[in-house]
Amino acid sequence: MTSTDNSTHEGFTVEERAAMKDHAQELKTAARRGSRADKAAEAERDVLAKIAEMQDSDRIMAERVHAVITADAPVLAPKLWYGMPAYALDGKVVCFFQSAAKFKARYATLGFSDQAKLDEGTMWAAGFALTEVTPEVEARISALVKQAVS
C-alpha cells in the first residue's frame, strides 16, 4: 500500500523524545519504591533535584512556584511528570512547571491539566507564560491552584 501524500512526517523532536524517556524512567522509579510515605518523600526529593538542575532564571521561578503550590494547595503531591515538576491530586497531575530551557522556549510555563477545575464558560486558559515570579504573580498562582483543587 503506497501513500500519495508527499509530506514528510518528522516525528517527535529531540526534546519531546527526551521528555518521554524521562516519563518512562519516572514510572519505573515509582514502581520500585516502598510505602506510600516513602514514595511521596522520594517524589518530592526528585522534584527538588530537578528544580536544582535548572538554569538560573528557570530555577528561581520553579522554586517560587513550588513554594506557593505546596503552601497554598497542600493536597497536591509533588512528582515528576515527563521530567517536569508537577503536582498531583490522587495520582493525577493537576498542574506543572515547564522550564523555558526544556523545550527551548522563550518563557517558562505554568500549565494545568484537564483535572484542574479552572472551567470558566466555554473557554479558559490552561497554561500561563512566566518570565518572572513577582509577589503579584505568586498571588495569581495561589488563586489558580486553590481554584484548581476546589
Just so I know, are the side chains of [X] and [Y] near enough to count as touching, which here means a heavy-atom distance under 4.5 Å?
| X | Y | value |
| --- | --- | --- |
| Phe128 | Leu144 | yes |
| Phe112 | Leu118 | yes |
| Leu80 | Asp22 | no |
| Glu138 | Val133 | yes |
| Pro85 | Met54 | yes |

- Task: List in chain and number order the residues that pass salt bridge (Lys or Arg N to Asp or Glu O under 4.0 Å) with Glu15, two or more places apart in sequence or in another chain; answer none if no residue qualifies.
- Result: Lys104
- Item | Pairing of Lys39 and Glu42 as salt bridge, 4.0 angstrom limit | no
- Note on the structure: By side chain to side chain donor-acceptor pair (under 3.5 Å), Thr122 pairs with (sequence neighbours left out) none
- Can you list the steps and then say if Tyr87 with Ile69 is a side-chain contact (heavy atoms from CB on, under 4.5 Å)? CA-CA 8 Å; Tyr87 304 86; Ile69 292 172; 3.7 Å; yes
Minimum heavy-atom separation for [X] to [Y], with atom names?
| X | Y | result |
| --- | --- | --- |
| Leu89 | Val75 | CD1-O, 3.7 Å |
| Gly91 | Lys79 | O-NZ, 3.6 Å |
| Ala43 | Pro78 | CB-O, 3.4 Å |

Keeping [X] on the side-chain end and [Y] on the backbone end, is there a donor-acceptor pair under 3.5 Å?
| X | Y | value |
| --- | --- | --- |
| Thr70 | His66 | yes |
| Asp58 | Ala101 | yes |
| Arg17 | Phe12 | yes |
| Glu16 | Thr13 | yes |

Atom pair [atom1] ([X]) and [atom2] ([Y]), whose distance is rounded to the nearest 0.5 Å:
| X | Y | atom1 | atom2 | result |
| --- | --- | --- | --- | --- |
| Lys50 | Ser99 | NZ | OG | 9.0 Å |
| Met61 | Arg64 | CE | CZ | 13.0 Å |
| Arg140 | Leu110 | CZ | CG | 10.0 Å |
| Cys95 | Leu76 | SG | CG | 5.5 Å |
| Phe97 | Glu63 | CZ | CD | 10.0 Å |

- Message: With clusters defined by side-chain heavy atoms of hydrophobic residues (ILVMFWY) lying less than 4.5 Å apart, directly or transitively, does Met84 cluster with Val14?
- Response: no
- Same hydrophobic cluster for Ile141 and Val47, using side-chain heavy-atom links shorter than 4.5 Å among ILVMFWY? yes
- Query: Under the side-chain contact (heavy atoms from CB on, under 4.5 Å) criterion, do Glu132 and Val137 qualify, and how do the steps go?
  - Reply: CA-CA 8 Å; Glu132 183 180 7; Val137 171; over 6 Å; no
- Task: Decide whether Glu136 and Thr134 meet the rule of one side-chain donor and one side-chain acceptor closer than 3.5 Å.
- Result: yes
- Task: For the residue pair Trp81 and Phe96, categorise the inter-ring angle as parallel (less than 30°), tilted (30 to 60°) or perpendicular (more than 60°).
- Result: tilted
- Within residues 106-121 or reaching into it, pairs that qualify as side chain to side chain donor-acceptor pair (under 3.5 Å) - sequence neighbours excluded: none
